[in-house]
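These notes are about the structure you will find just below.
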Amino acid sequence: KYAFQSSDSRIFGAHASLILQLEHTAKRGNQETQYSLGNCYLNGKGVKKNVEKALDFYFLAAKQTGGEASKYAFERIKEFAKKGNKKAEE
């Protein structure tokens, strides 16, 4: 069904190797990548949909100040908090 299947069961599809590269970049502190991966996990694009994982990446991006991605990530977190997500309310 998918063009590529990663050994990581969370990641699948034609963009799996790209997702793995993005996760590596995000873990090294790239704010834009952290925000983008949050969106991937939120929407299930190239990965299994996982709101908690999305929030993890949004928190990483939001902690870094001064960039657009930080601002957008903070807005996403606020949206989840308004919906009663406990993790986002912390």
Side-chain angles (χ1 to χ4, degrees):
K1 181 177 180 182
Y2 300 108
F4 179 86
Q5 179 70 38
S6 167
S7 60
D8 186 334
S9 64
R10 298 171 298 118
I11 302 169
F12 57 88
H15 303 293
S17 65
L18 176 60
I19 296 292
L20 290 171
Q21 290 173 353
L22 289 173
E23 285 195 350
H24 179 72
T25 303
K27 289 175 183 172
R28 294 177 68 193
N30 185 287
Q31 182 186 82
E32 291 82 11
T33 304
Q34 292 164 341
Y35 176 73
S36 295
L37 276 170
N39 288 335
C40 289
Y41 278 101
L42 180 63
N43 299 304
K45 299 290 184 184
V47 292
K48 291 181 183 177
K49 187 174 181 174
N50 184 328
V51 172
E52 296 302 310
K53 188 81 169 169
L55 279 169
D56 288 342
F57 281 109
Y58 290 145
F59 276 117
L60 288 173
K63 286 179 183 177
Q64 300 182 53
T65 58
E68 290 292 309
S70 176
K71 181 177 98 175
Y72 294 137
F74 184 70
E75 291 300 319
R76 291 277 184 162
I77 293 167
K78 287 190 337 187
E79 289 172 18
F80 280 103
K82 286 181 186 176
K83 293 178 183 177
N85 183 291
K86 299 293 182 196
K87 187 173 191 170
E89 291 175 348
E90 294 177 359

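Between Ala61 and Ala73, the shortest heavy-atom contact is CB-CB, 3.7 Å. Contact detail for Cys40 and Ile19: the closest heavy-atom pair is SG-CD1, 4.0 Å.
Rounded to the nearest 0.5 Å, atoms NE2 (His24) and OG1 (Thr33) are 11.0 Å apart. We find the CG-OG1 distance between Leu20 and Thr25 to be 11.0 Å, quoted to the nearest 0.5 Å.
Ion pair Glu75/Lys78 flagged as a salt bridge, since at least one NZ, NE, NH1 or NH2 atom sits closer than 4.0 Å to an Asp/Glu carboxylate oxygen.
Inter-residue side-chain proximity for Glu23 and Leu37 is flagged as met; some heavy-atom pair is nearer than 4.5 Å. In this structure, the side chains of Val51 and Lys87 stay at 4.5 Å or more apart for every pair of heavy atoms. Residues Leu42 and Arg76 form a side-chain contact, since some pair of their non-hydrogen atoms from C-beta on lies under 4.5 Å apart. Considering only heavy atoms from C-beta on, Asn85 comes within 4.5 Å of Glu52 through its side chain.
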- salt bridge (charged side-chain N to carboxylate O under 4.0 Å, His left out) between Lys82 and Glu79, intermediate numbers included: CA-CA 5 Å; Lys82 286 181 186 176; Glu79 289 172 18; over 6 Å; no
- Query: Taking it one step at a time, do Gln21 and Leu18 satisfy side chain to side chain contact (heavy atoms under 4.5 Å, CB included)?
  - Reply: CA-CA 5 Å; Gln21 290 173 353; Leu18 176 60; 4.1 Å; yes
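Cluster membership for Phe59 and Phe80, using ILVMFWY side-chain heavy atoms within less than 4.5 angstrom, is shared. Tracing side-chain contacts under 4.5 Å through hydrophobic residues (I, L, V, M, F, W, Y), one reaches Tyr41 starting from Leu60; they form part of the same cluster.
Counting only distance, with no hydrogens or angles, the side chain of Ser70 and the backbone of Gln64 share a donor-acceptor pair below 3.5 Å.
Aromatic ring centres of Phe57 and Tyr35 lie farther apart than the 6.0 Å criterion allows.
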